[in-house]
Structure formats: structure tokens, C-alpha cells
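Predicted model only: the values in this text are computed from it and were never measured. Note that these values count all heavy atoms, side chains included, but never hydrogens, waters or copies made by symmetry.
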Amino acid sequence: RARYSGVTDELNRLTKAQEKLNRVEELRQKNASVRSTAGTVLGGTVATGVAMVVPVKLAIDFESSMADVEKVFSGTDSQFKAINTEILKMSTTLPMAAKDIANIVASGAQSGIAVGELTKFAETAVKMGVAFDIGAEESGQAMAEMRTAFKMSQDEVTSLADKINFLGNSTPAAAKGIMEIVQRIGPLGEVGGFASGSIAALGATIRGMGVAEEVAATGIKNMMLALVAGESATKNQKAAYNDLGLDSKKVAQDMQKDAEGTTLSVLKAISKMDKYKQAAMLKELFGSESLGSIAPLLTNMQALEENLGKVADKSKYAGSMEKEYAARAATTANNIQLAKNAMAALGITIGNVL
């Protein structure tokens, strides 16, 4: 947009210069026919120059974005050309500029996503970006990281995005914030026995109580590590579990069978303690860094259980992101963006020739 604005400013400058020249020509009133011809030639030159500059600039920008894709692309030359064409096509049906879609494809290719899945990945990431109200690079990076961290297929990561979007629409937490928490925790969920959707539910509950994303993620990480510590738990942690009537080894084993249920049972056991003992117990088990994020859960267990139930019921979250995208894509702003994208795609095609 900034580059296009620069071209527009230059056009305005040239137009003003043309107007000034015309006024001078009118005042002098000498050799009217010759000067009229000269004005027409100059005007035509300016118009032709601008008409060439804009498409060439669009083509150069797109070429630069595709160069980033090519660096990490593992397919053949013909596959790369096909991806190039597909990105231009996608920009005419999705409200995101071609060069931004190319950046998403680059993120996917860099993460090792198969060539045959790249366009599907890019399309889903664009829709996630629109639904979550985040930029192209952020949505592409986030989706690639979640796929890698949780070892997901494209359908599975789409399902996770549906869960995040549904939680964002039905809790005080925004989808973007929930997504950031899930990203930060990443593969630790697998270590703790947590499904990605359960991490999203935990994140939505804590973020919904006003806890910052980074603090929430740190608290959840520390809690997970403490719950799966087992025999490697510290002396103080083992003593804390004993005070709750639990065994650290048994808790770690149960986490691999039912992480959500085990976590709830531990938190409920802590919530039944006298208020003045609860903070000390949380500190012993999960560390002082976790107090700000885990302590609020003790008084909001119902919300946590409800959010875990939301991501367990496919009929509630299925297609949530697609619906959100469709609603946002139907706005006037996105329709204008699509019109601009169609013009830009044509400009890129012309610019490539020029």
C-alpha cells in the first residue's frame, strides 16, 4: 500500500505540473495548434508512464514474495509455476493480497508441509487470519507452528482453529489471545497428555479472567510439568500431594490416561482447602510464577469445566471458523479488497510481460 501510495503521489505531482503547463500555454496564446499538440503528447506520455509503472511495481513485489517461497519450496519447477498461478487465483476469491498469500505459502513450505497441501494450508490460514482478525504472516506462522507442534494434518489443525474460534466467540477471551497461548505451550501438551483443544479451553478460561497470554501460558506449562513429574517430583511437591491425599506417581500415570479429569481433580482438591492454605499449596506444586494464572481457576472451576465441554462436543465447534470467515468476508470492506485484488492480479500479469 505504501508503494502504491508513492506511485499515486507521483501521478498527482505530474498532473499538477501538466495543469501548470496548460495555464502557461493559455496565457502565452502563441502558436495554439502546436502547443495543443505538445500538451496532448505530454499528457499521453504521463498517462502511459503511470500505466506502465503500477503493473510493473505490482509484479516486482509479487516476484519478491515468490522468491521467498522458492527458497524453501521442495517441489519441481512445474509445481512452483502451478503454485504461482494458484496464489494469484486465490487472491481473487480471498480478501488478502497475492503477496501476503505468498508469505503464508512460504511459512508452510518452511515448516515442511507437503507441496500438495500448500494451497489448502494457505487457504485455511487466510480464512483463519480473517476470522481471528490477524495479519497474513501471523496467521500463516501460527498455523504452521501448531501443525508442527501437535503433529497434525491440515484437517486436524483446521479443527483446532474451529475450537479456538468457538471459544473466542463464547468466552470473554479473544480468539487471537487463545491462539497465542496454544502456540506458546505447543508440544508440552503431548508430554502432559493434554489434547490441543483442552489447552485451548484452559487458555480461554484463564485469559478470560484478564490474565495476559504470556503469564497464562507460563502458568499452564508449570502446572503440566508438575502434574507429570511422577517420581522426579521434588520433596516439597511430594509432600504437597500427600497433603491433598494424592500420590505424585499415580497423578502422573493418570495424566496420560485422562489429563483433563486428573487436572480438574487436583484443582478441586486444592479449592477445598482453607483459603489461607491455597496459595502456599499452589506455590509448592506449580511454582510462584503460576500463582497469577492458576489461582483464579480455583474460584472459576465451573467455567473451566464448561470450556472443556465445548471443545469435546464437535457439534458445537465444527465449522466455526468458516462461518466467522464468511460473515467477515461478506462485509463491504472485504468486497472492496476482493475488487482491488482482482485488479492487482491483472496488473501483475501485465507487469510480468512488461
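- Contact record, Thr158 with Met321: CG2-CE, 4.2 Å, taken as the closest heavy-atom pair.
- Heavy-atom neighbours of Gln110 CD from other residues, nucleotides or ligands within 6.0 Å: at or below the threshold of 12.
- A heavy-atom distance below 4.5 Å is found between the side chains of Met146 and Ile164.
- Under a hydrophobic-cluster definition in which Ile, Leu, Val, Met, Phe, Trp and Tyr are linked whenever side-chain heavy atoms come within less than 4.5 Å, directly or via other members, Phe166 and Val311 are assigned to different clusters.
- For Ser198 and Glu260, the side-chain atoms include at least one donor-acceptor pair closer than 3.5 Å.
- Counting only residues at least two apart or in different chains, salt bridge (charged side-chain N to carboxylate O under 4.0 Å, His left out) contacts with residues 141-152 comprise Glu117-Arg147, Lys151-Glu190.
- Between Lys221 and Glu289, the closest side-chain pair of non-hydrogen atoms is not below 4.5 Å.
- Within the 4.5 Å cutoff, the side chain of Leu308 has heavy atoms near those of the Leu264 side chain.
- Tested against Met273 for a side chain to side chain contact (heavy atoms under 4.5 Å, CB included), the candidates Asp243, Leu282, Leu298, Leu244 yield a single pass: Leu244.
- Counting only residues at least two apart or in different chains, salt bridge (charged side-chain N to carboxylate O under 4.0 Å, His left out) contacts with residues 314-335 comprise Lys127-Glu322, Glu324-Arg328.
- Across all non-hydrogen atoms, the minimal contact from Val69 to Ala102 is CG2-O, 3.2 Å.
- Looking at heavy atoms from C-beta onward, Leu88 lies out of side-chain contact with Thr92 at the 4.5 angstrom threshold.
- Between the Thr262 side chain and the Ala259 main chain, no donor and acceptor come within less than 3.5 Å of each other.
- Panel note: side chain Thr85, backbone Lys81; a donor-acceptor pair is recorded below 3.5 Å.
- Side-chain contact between Ser65 and Asn103: present, with at least one pair of heavy atoms (C-beta onward) separated by less than 4.5 Å.
- Among all heavy-atom pairs drawn from Gln154 and Phe121, the shortest one is OE1-CD1, 3.4 Å.
- The side chain to side chain contact (heavy atoms under 4.5 Å, CB included) test with Ser293 is passed by exactly one of Asn222, Leu202, Val211: Val211.
- Taking both residues in full, the closest heavy atoms of Ala216 and Ile206 are given as CB-CG2, 3.7 Å, listed atom of the first, atom of the second, then distance.
- A salt bridge links Lys268 with Glu305: at least one charged nitrogen is closer than 4.0 Å to a carboxylate oxygen.
- Residues Lys250 and Asp254 are paired through a salt bridge, judged by an N-O separation under 4.0 Å between the basic side chain and the carboxylate.
- In this structure, the side chains of Phe194 and Ile220 stay at 4.5 Å or more apart for every pair of heavy atoms.
- Heavy atoms from other residues, nucleotides or ligands lying under 6.0 Å from NZ of Lys238 number more than 12.
- Between Val182 and Phe150 there is a side-chain heavy-atom pair separated by less than 4.5 Å.
- Screening residues 193-214 for salt bridge (charged side-chain N to carboxylate O under 4.0 Å, His left out), with sequence neighbours left out, gives Arg207-Glu213.
- Taking OG1 from Thr332 and CD1 from Ile336, the interatomic distance works out to 6.5 Å, rounded to the nearest 0.5 Å.
- In this structure, the side chain of Asn236 does not engage the main chain of Glu284 through any donor-acceptor pair within 3.5 Å.
- In this structure, Asp77 places its CG atom where only 12 or fewer heavy-atom neighbours from other residues, nucleotides or ligands lie under 6.0 Å away.
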Walk me through whether Ser248 and Gln237 qualify under side chain to side chain contact (heavy atoms under 4.5 Å, CB included). CA-CA 8 Å; Ser248 61; Gln237 283 178 322; over 6 Å; no
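- Within the 4.5 Å cutoff, no side-chain heavy atoms of Met66 are placed close to those of Glu70.
- Formation of a donor-acceptor pair under 3.5 Å by the Asp274 side chain with backbone atoms of Tyr276 is not found in this model.
- Summarising the local packing, NZ of Lys99 is surrounded by 12 or fewer heavy atoms from other residues, nucleotides or ligands at distances under 6.0 Å.
- More than 12 heavy atoms of other residues, nucleotides or ligands lie within 6.0 Å of CE in Met301, so this atom counts as buried by the packing criterion.
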